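Within every chain, numbering begins at 1; the chains are lettered A, B, ... in the order of the sequence lines, protein sequences first and strands thereafter. Because the structure is a prediction, the values reported are computed rather than measured.
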Number of protein chains: 2
Amino acid sequence: MPGRCGSQYADHPRRICAAFRRMTIPRQAILDILNTSKHHMSAEDIYLAVHQFYPQIGLATVYRTLELLTQEGLVSRFEFGDHKARYEIVRSDQTHHHHHLICIKCGRVVEYSDFIDEELDLIKRVEAGLTEKYNFNIKTHLIQFYGLCGQCQIQQ
Amino acid sequence: MPGRCGSQYADHPRRICAAFRRMTIPRQAILDILNTSKHHMSAEDIYLAVHQFYPQIGLATVYRTLELLTQEGLVSRFEFGDHKARYEIVRSDQTHHHHHLICIKCGRVVEYSDFIDEELDLIKRVEAGLTEKYNFNIKTHLIQFYGLCGQCQIQQ
DNA sequence: CTCCTTATTGATAATGATTATCATTTGCAT
DNA sequence: ATGCAAATGATAATCATTATCAATAAGGAG
Ligand SMILES: [Mn+2]
Ligand SMILES: [Mn+2]
Ligand SMILES: [Zn+2]
Ligand SMILES: [Zn+2]
């Protein structure tokens with residue numbers, strides 16, 4: 001089934017090759033889970049999901065793979081307030097770009113992509129300005145809003 | 001020296017009273033350090049700074065106090081990438097509002113307030129839209145840019 | 001000022017997500 | 001098919017943060 005590195009990952013074959021020198025069963029399994037499951041999975045969520053198909057894959061490998069994918073920009077790592085990183089695959093399709101709205105009481109996370117165009121437009125301009133002034137080569141940005149969700153506003 | 005709760009903290013006396021039911025030496029010391037020291041201190045940085053004046057104050061108290069101040073919005077907690085929270089006092093003076101630019105290689109953190117007006121203007125509009133659509137009562141936002149600083153661009 | 005309640009503290013143990021270690025396995029270029 | 005470096009899995013170690021709990025002290029009532 002493998003073939004050459006990343007060949008079955010039509011979305012990112014080249015970048016997967018850059019991230020991985022070798023394509024292995026564990027890496028394929030982890031990529032599959034990331035591609036098919038819901039967003040915002042913790043390392044352990046991913047480990048458990050992978051574990052159903054390949055019980056021998058270890059948690060350390062999950063962490064190592066996520067680290068590589070994050071470095072390479074194929075995966076985004078988020079921190080929503082419980083000291084536990086969450087991961088989601090980055091679609092090459094730019095229409096999936098979104099930011100997060102986080103309830104500071106119950107931890108609920110809402111993805112929004114309303115206003116995203118406006119936001120990205122401003123971000124692009126700010127990035128250009130910051131690059132010039134501070135000589136930073138900017139790779140990514142993080143925008144999150146924090147507040148109380150509807151439920152948590154009611155409960156005092 | 002104490003007087004009544006928060007009396008000597010001209011900046012936020014009312015909010016400090018809301019955060020603290022009792023004003024104590026450790027809390028005064030921690031507030032003093034936050035007000036006078038540089039930004040982006042870790043809990044341990046603050047502990048060590050406080051320790052020079054009051055060696056008996058414990059690290060747990062520093063964490064507890066920072067938690068309270070953060071809840072009350074008097075202090076902002078940031079996560080810059082080394083799994084270690086950083087804290088900075090929130091000035092009531094809005095002119096100190098700033099965002100952060102973080103080097104993903106060496107960890108350097110740059111504060112910028114260029115473009116801040118434009119950013120805050122957009123943020124305000126986005127907040128209004130999100131409040132309406134998702135029924136969130138938004139309290140704070142987080143905007144960070146990640147990339148390579150000048151130094152780290154050179155070193156390969 | 002003294003007393004009393006209870007918020008707060010300091011010392012310390014526990015937690016838990018993440019990282020390091022290392023012997024073994026395996027992808028894959030030759 | 002072979003050899004070697006990359007990758008793995010089991011497990012121990014790390015370390016920032018949180019929980020525990022007996023002792024202390026802030027500050028309101030009298
Ligand atoms: Mn998301
Ligand atoms: Mn800052
Ligand atoms: Zn909520
Ligand atoms: Zn750098």
Give me, pair by pair, the N or O atoms of the protein and of nucleotides 4-6 of chain C that are less than 3.5 Å apart, along with how far apart they are.
residue: dT6(C); atom: O2; partner: Arg22(B); partner atom: NH1; Å: 3.3
residue: dT6(C); atom: O2; partner: Arg22(B); partner atom: NH2; Å: 3.3

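- In this view, Asp117(A) satisfies the salt bridge (charged side-chain N to carboxylate O under 4.0 Å, His left out) rule with no residue, not counting sequence neighbours.
- If you measure from atom CE of Met41(B) to atom P of dA16(D), you get 15 Å, rounded to the nearest angstrom.
- Across the helix from dC1(C)-dG30(D) to dT30(C)-dA1(D), the helix axis at one end is tilted relative to the axis at the other end by 40° (nearest 10 degrees, each axis from five pairs).
- The CG atom of Asp82(A) sits 13 Å away from the C1' atom of dT17(D) (whole-angstrom rounding).
- Of the candidate nucleotides dG10(C), dG27(C), dA7(D), dG10(C) has the atom lying nearest to any side-chain atom of Pro26(B).
- Of the candidate nucleotides dT9(C), dT8(D), dA6(D), dT9(C) has the atom lying nearest to any side-chain atom of Arg27(B).
- Among residues two or more places apart in sequence or in another chain, the salt bridge (charged side-chain N to carboxylate O under 4.0 Å, His left out) test is passed with Arg64(A) by none.
- Phe78(A) pairs by the ring-ring contact (aromatic ring centres under 6.0 Å, His included) definition with Phe80(A), His100(A), not counting sequence neighbours.
- Residues meeting the ring-ring contact (aromatic ring centres under 6.0 Å, His included) test with His97(A), sequence neighbours left out: His99(A), His141(A).
- A straight line from CE of Met23(B) to C1' of dA25(D) spans 15 Å, rounded to a whole angstrom.
- Rounding to whole angstrom units, CD1 of residue Ile25(A) and P of dG9(D) are separated by 10 Å.
- Every pair passing salt bridge (charged side-chain N to carboxylate O under 4.0 Å, His left out) that includes a residue from residues 127-144 of chain A is listed here, sequence neighbours excluded: Lys133(A)-Asp114(B).
- In this structure, CG of Leu68(B) is placed 12 Å from P of dT18(D), rounded to the nearest angstrom.
- If you take CD1 of Ile57(B) and P of dA11(C), they are 10 Å apart, rounded to a whole angstrom.
- Thr61(A) contributes no side-chain N or O that, together with a main-chain N or O of Ile57(A), makes up a donor-acceptor pair within less than 3.5 Å.
- Under the 4.5 Å side-chain criterion, counting only non-hydrogen atoms from C-beta, Phe136(A) is not in contact with Leu130(A).
- Atom CG of Leu69(B) is separated from atom P of dT8(C) by 12 Å (rounded to the nearest Å).
- Residues forming a salt bridge (charged side-chain N to carboxylate O under 4.0 Å, His left out) with Lys124(A) (at least two apart in sequence, or on another chain): none.
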Write down the protein N/O and nucleotide N/O pairs, taken from nucleotides 17-20 of chain C, whose separation is under 3.5 Å; answer none if there are no such pairs.
residue: dT18(C); atom: OP1; partner: Ala85(A); partner atom: N; Å: 3.0
residue: dT18(C); atom: OP2; partner: Tyr63(A); partner atom: OH; Å: 2.5

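- By the side chain to side chain donor-acceptor pair (under 3.5 Å) test, Ser42(A) pairs with Asp45(A), sequence neighbours left out.
- In this model, the phosphate group of dT8(C) is not approached by any side-chain N or O of Thr61(B) to a distance below 4.0 Å at OP1 or OP2.
- Legend: residues meeting salt bridge (charged side-chain N to carboxylate O under 4.0 Å, His left out) with Glu118(A), ordered by chain and number and at least two apart, are Arg125(B).
- Nucleotide dA11(C) holds its C1' atom 12 Å from the NE2 atom of His51(B), rounded to whole Å.
- Within the structure, salt bridge (charged side-chain N to carboxylate O under 4.0 Å, His left out) contacts touching residues 48-61 of chain A (residues at least two apart or in different chains) do not occur.
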